Amino acid sequence: MVDVYETIIIGAGIAGLTAAMYASRKRMKYEIISTDFGGQFLVSGEVLNYPGIVKTTGVAFSTIMQKQMDFNGVKIKLETVKGVKKKGTGFVVTTNKRVYETKTVIMTTGSKPRKLNVPGEDTFAKKGVTYCAICDGPLFNGMEVAIMGGGDSALEAVDFMKNIASKIYLLVRGDKLIAHEYLQESVKSNDKVEVLFNAETTEILGGKLVSGIKFKQQGEEKKLAVRGVIIEIGRIPNTNSFSKLVKLDEHKHIIIDGQGVTSVPGLFAAGDCASGHEYQYAIAAGQGCMALLKAARYLVGTK
Amino acid sequence: MAEIKVYSTPTCPWCVKLKDWLKEKGVEFKDIDVSVDHEAAKEMVEKSGQMGVPQIEIDGKIIVGFDKEKIEEALGK
């Protein structure tokens, strides 16, 4: 007889880990499957807005989360999900190692950095181009850097780099910043930072390593000599392989209602991959909890 | 024992994960913080041609990123 799970959680960021913690405490028959432990919180510099925690770092937060999972007996299956299919009223989840049958699925697959899609971007990845300021930023010590984006992540990158880089150009595609006010204040009050509005990056230049960028501003093509390029222009949900399974919105987020319910009965979603469009730890935790509890209720109905 | 160096920064999450993983395996290594040791940072970029961390050097051979399979192979384990 095939082992049928009550739920399979896909992804181990805050949303998935919260769901798994509840599943474990409810003694459900479940697995949490992820390529690796940790989601977006792994690449956060500082965490300043999570309830109950005054101030911490992404790394410290990750360590606490790991301890909390150990305490609750949550063990992550380190496997890569290849596909999810409907089977009867349940689902089949296929990974690189095995096949799971389950009555419900909770999608907490998160998101990945959006690319500029300009020449030179792939060639110079890790050669001056990075999507993680706190990881590779310190290597640009004393150098001039360009940061692309106008939202929270871009301005957090500016804030992180202000004591490292010698000069920071912030290239914003639109005509205003859309980040939290306290971040905007920090950027505006720093004379190392030059904000360029209506600036569209068109190419990343270099030899062995990055040496500069080309961009367009009001129809005019311009160049900047920089050795670091930090791209923070938003995120794309990791939902590519699910487009035939479940309804996605125009930005490819899994559409959920206020209870984590998707267009497919038994399939729930939470966190950055879902249609909330507000990428916050507290929201991911709340939604992960909600999705698991609603899945548990759904199971009672189908039992 | 192979001579092992890890080039890292304190804020980089993958660096922390790599170092924890090595410690768990009982592998001894020299930790080089390239956010303060700028000479070492230069040396790392020159050797690997890559401006990213973590990088691990095992007997002169550099592996970029936390690539468990490649690292295990280089460690001969």
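Keep in mind the model is a prediction, meaning the values are calculated, not measured.
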Student: Among all residues two or more places apart in sequence or in another chain, which pass the side-chain contact (heavy atoms from CB on, under 4.5 Å) test with Asn96(A)?
Tutor: Glu79(A), Thr80(A), Lys82(A)

Student: Which members of residues 141-158 of chain A, sorted by number, sit under 4.5 angstrom from chain B on a heavy-atom basis?
Tutor: Asn141(A), Met143(A)

Student: Checking Lys17(B) against chain A: side chain, backbone, both or neither under 4.5 Å from a heavy atom?
Tutor: side chain

Student: For Asn190(A), does the CG atom have more than 12 heavy-atom neighbours from other residues, nucleotides or ligands under 6.0 Å away?
Tutor: yes

Student: Take atom NZ in Lys42(B); do more than 12 heavy atoms of anything else shown fall under 6.0 Å from it?
Tutor: no

Student: Under 4.5 Å, heavy atom to heavy atom: which of residues 119-138 of chain A reach chain B? Give them by number, or say none.
Tutor: Lys126(A), Lys127(A), Gly128(A), Ile134(A), Cys135(A), Asp136(A), Pro138(A)

Student: More than 12 foreign heavy atoms under 6.0 Å from NZ of Lys70(B): is that the case here?
Tutor: no

Student: Does Tyr182(A) have more than 12 heavy atoms from other residues, nucleotides or ligands lying within 6.0 Å of its OH?
Tutor: yes

Student: Got a donor-acceptor contact below 3.5 angstrom from the Lys208(A) side chain to the Glu46(B) backbone?
Tutor: no

Student: What's the verdict on side-chain contact (heavy atoms from CB on, under 4.5 Å) for Trp14(B) and Val59(A), showing C-alpha distance, side-chain angles and the deciding distance?
Tutor: CA-CA 9 Å; Trp14(B) 292 106; Val59(A) 171; over 6 Å; no

Student: What part of Val53(B) gets closer than 4.5 Å to chain A, counting heavy atoms only: side chain, backbone, both or neither?
Tutor: both

Student: For Thr57(A) and Thr11(B), what are the C-alpha separation, side-chain angles and deciding distance, and is it a side-chain contact (heavy atoms from CB on, under 4.5 Å)?
Tutor: CA-CA 8 Å; Thr57(A) 64; Thr11(B) 46; over 6 Å; no

Student: Which atom names give the shortest non-hydrogen contact between Leu139(A) and Met51(B), and what distance separates them?
Tutor: CD1-C, 3.5 Å

Student: Report, as yes or no, whether the 6.0 Å neighbourhood of atom CZ on Arg227(A) holds more than 12 heavy atoms from other residues, nucleotides or ligands.
Tutor: no

Student: Heavy-atom distance under 4.5 Å to chain A: side chain of Val36(B), backbone, both or neither?
Tutor: neither

Student: Listing request: all salt bridge (charged side-chain N to carboxylate O under 4.0 Å, His left out) pairs with a residue in residues 54-63 of chain A, at least two apart in sequence or in separate chains.
Tutor: Glu46(A)-Lys55(A)

